[in-house]
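Letters go in sequence order (proteins before strands), and every chain restarts at 1.
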2 protein chains.
Amino acid sequence: MTSTSDESAQYLIKTVSKRSGVKSDLVRAWERRYQAVTPTRTSGGHRIYTDQDIARLKLLNQATSNGHSISQIARLSLEDLKNLVKSESESIPQPPHIIPSSSDRLYIAADYMEKCYAAVLAFDPKALESHFENAIVELGSEIFIEHLLTPLLTRIGERWKAGELRPVHEHMTSSVIRSLAYILRNNKPRAENAPRMVVSTPIDQLHELGALLAAIMAELSDWQVTYLGTNLPAEEIAAAIKYTNARAVTLSISFAANDHVVAKELRRLRKLIGPDIAIIVGGRAAEYYQDILNEVGVVNIQSYAHFRQILAELALKQENQN
Amino acid sequence: MTSTSDESAQYLIKTVSKRSGVKSDLVRAWERRYQAVTPTRTSGGHRIYTDQDIARLKLLNQATSNGHSISQIARLSLEDLKNLVKSESESIPQPPHIIPSSSDRLYIAADYMEKCYAAVLAFDPKALESHFENAIVELGSEIFIEHLLTPLLTRIGERWKAGELRPVHEHMTSSVIRSLAYILRNNKPRAENAPRMVVSTPIDQLHELGALLAAIMAELSDWQVTYLGTNLPAEEIAAAIKYTNARAVTLSISFAANDHVVAKELRRLRKLIGPDIAIIVGGRAAEYYQDILNEVGVVNIQSYAHFRQILAELALKQENQN
DNA sequence: CAATTTTTGTCAATGTTTTGTATAGTTTTG
DNA sequence: CAAAACTATACAAAACATTGACAAAAATTG
């Protein structure tokens, strides 16, 4: 189910007939006699159907050819129709449709997380991608990142240390996530005066995912983000800041291998960009560098909420200056 | 939504008609009746269209031939139109882009390339992304990759050596391209028995883009691809091949820094996966390793056409074995 | 079980709407 | 000036809607 049932997509009766397999005349008859579907109309009176209507008619068609009379099933809900058709094709009693009852989004996220982890464990990128896509639609980008992706990545890290997973599991997961960045980002046009930010990872830091997620979070907070990927020396990051006229730069530091390199790069960056541009740092390893962070004047992200708060403050500050 | 006072407006209706495949009269009718596009005008009243308008009309044309009525879809956003056409092309056999002759397409690709390069030079990721998106709609993924992206990357490499561009230009471009991977890929469900492939980059090789493009090309040739990203040791690649039951692995080698590491990794990989799984290698630096490639039994990609040919042969071979 | 009624899919007749194309005369452009 | 665009109007084919009817199939009844 790549495409969600688009609210915007609408069909005329011919297309509906083709796709559902029910002749146009019959579609109209079912509507007239039993209100099996109730399409809206154009100003001229032509019927306009939705994807849901098509699905409905498809199911009705199957059910009737299975022996059900149309008058009995025409007004069933889509769910009931699905169950009806399914239970017949399998001749297995349908398990009562108990959805994870609490409609709590966090609960749903946790539920998806288990499914996703199972897909990772089974090394099944297609399944993983599909779970992700559904979860994004259902949860929205922010909750998806905060309550599904982050715990998932944490768990993958743990299980890798425990020897249950290999590095390749993490690589596979990362690349699936990266490929979904396009959907996660919200593509609404940004205001010309939206605050600008550069996101990258200092030299010698290879793990990209943290930076990518930070970039997406910033976009969702209505920043205009220039994402640069990994492993950039300070001069390059500084150049990008100058080019884009950015007011802030976010860096992700995910492991503490080369203490001195990170420290050196941070000092150089501060020198290059001057004191007025905010440097924000996040990532698992950021805490190890607390001393340098203080020295250079860097904000250390504690959580997503914290990050959002920092972004809001910075945006406000800029607005006041304008 | 479309262009109102767009500086990039530049095409007359005849050009638009040719490139979108919608007759001039019809373009005007769609505008008059449904405001499907709203071009600016010259002082004398002639309509002037943008690249985005062309993409829009092309999508509208495809959607109508898929059974949508123009009145219903004329005012959808570009994003919605893309989704509509994409979700349909998954189930309906889509006639390949026929409209402009192939030589015209190459000319158009070259034209887009110049615009994209200008956006890179100006360090304007938003403009770059927008050019890319329009070009993908108009050219289709294959031509886009082969005749726009590849020459663009080559030129960026040259200009970087010449000192006209900085590394950060290339990073920015790469990350824009990566974010578009999702659109470039072909999302139609693959047959269960589609041949499988793993794509990655050996340890010590950071440049990801070649591998990513190879992965996309393979997907477009109906392979089921598992993309793993960069910098993986041989055991991990071998593990992925085992997990996915892949018949081939494609590696991208983009520079010749550590001769012995690459050679060693290739030998180890061959040992780990046995003689029956094809190893395909591409990338700028592949030619430097010719000796090792021969020794280990590796196919070296010469061009996209060559890559496609190799893929076709491998797919056929597997089919015969089944 | 036969007769009767109801349900259901299909069709025909007739009028309207949608949509692509065509015509005619004018204006802009290079 | 010739080619190409513009506007306005018109037209016809395709697609839809409505109404009403009809016969086969299914259900009900006596």
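- Atom pair B:His68:NE2 and C:dT19:C1' shows a separation of 17 Å (rounding to whole Å applied).
- Mapped onto DNA chain C by nearest heavy atom, B:Thr42 and B:Thr64 fall at different nucleotides, with B:Thr64 at the one closer to the 5' end.
- For the pair B:Lys14 NZ and D:dA2 C1', the computed distance is 13 Å after rounding to whole Å.
- One can place CG of A:Asn61 at 14 Å from P of C:dT8, the figure rounded to the nearest angstrom.
- At least one side-chain nitrogen or oxygen of A:Ser71 sits closer than 4.0 Å to the OP1 or OP2 atom of C:dT8.
- Separating the CD1 atom of A:Ile48 from the P atom of C:dT17 is a distance of 15 Å, rounded to the nearest angstrom.
- Distance A:His46 NE2 to D:dC16 P: 7 Å, rounded to the nearest Å.
- In this structure, B:Arg47 does not reach the D:dA5 phosphate: none of its side-chain N or O atoms is under 4.0 Å from OP1 or OP2.
- Residue A:Tyr34 has no polar side-chain atom (N or O) positioned under 4.0 Å from OP1 or OP2 of C:dT7.
- Both A:Asp25 and B:Gly44 lie near DNA chain D, and the one whose nearest nucleotide falls closer to the 5' end is B:Gly44.
- Heavy atoms from other residues, nucleotides or ligands lying under 6.0 Å from NZ of A:Lys115 number more than 12.
- For A:Ile70, the side-chain atoms get nearest to C:dG9 when compared with the rest of C:dG9, D:dC16, D:dA5.
- The side chain of A:Trp30 has C:dG9 as its nearest neighbour among C:dG9, C:dT29, C:dT21.
- The shortest distance between the side-chain N/O atoms of B:Arg33 and the OP1/OP2 oxygens of C:dT19 is not below 4.0 Å.
- When rounded to the nearest whole Å, the span between CD of B:Gln72 and C1' of D:dA15 equals 13 Å.
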Next item on the list: Might you work through the side chain to side chain contact (heavy atoms under 4.5 Å, CB included) test for B:Arg308 and B:Glu146, ending with a clear yes or no?
Entry: CA-CA 12 Å; B:Arg308 275 193 290 264; B:Glu146 204 164 337; 3.1 Å; yes
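- Listed pair A:Arg28 / C:dT8 fails the phosphate criterion, with no side-chain N or O lying under 4.0 Å from OP1 or OP2.
- Whole-Å rounding puts the A:Arg41 CZ to D:dA15 P distance at 19 Å.
- Between the side chain of A:Ser141 and the backbone N or O of A:Leu184, at least one donor-acceptor pair lies under 3.5 Å.
- Heavy-atom distances to DNA chain D give each of B:Arg32 and B:Gly45 a nearest nucleotide, and the one nearer the 5′ end belongs to B:Gly45.
- Note on ring orientation: taking the six-membered ring where Trp is involved, the planes of B:Phe144 and B:Phe132 are perpendicular (angle over 60°, cut-offs 30° and 60°).
- Within the structure, a side-chain polar atom (N or O) of B:Ser69 is placed less than 4.0 Å from OP1 or OP2 of C:dT19.
- Distance, B:Leu12 CG to D:dC6 C1': 12 Å, rounded to whole Å.
- Contact annotation: B:Lys23 reaches the phosphate of C:dT21 (side-chain N/O to OP1 or OP2, under 4.0 Å).
- Side-chain contact check for A:Tyr11 and A:Asp51: at least one donor-acceptor pair (N or O, by modelled atom type) lies under 3.5 Å.
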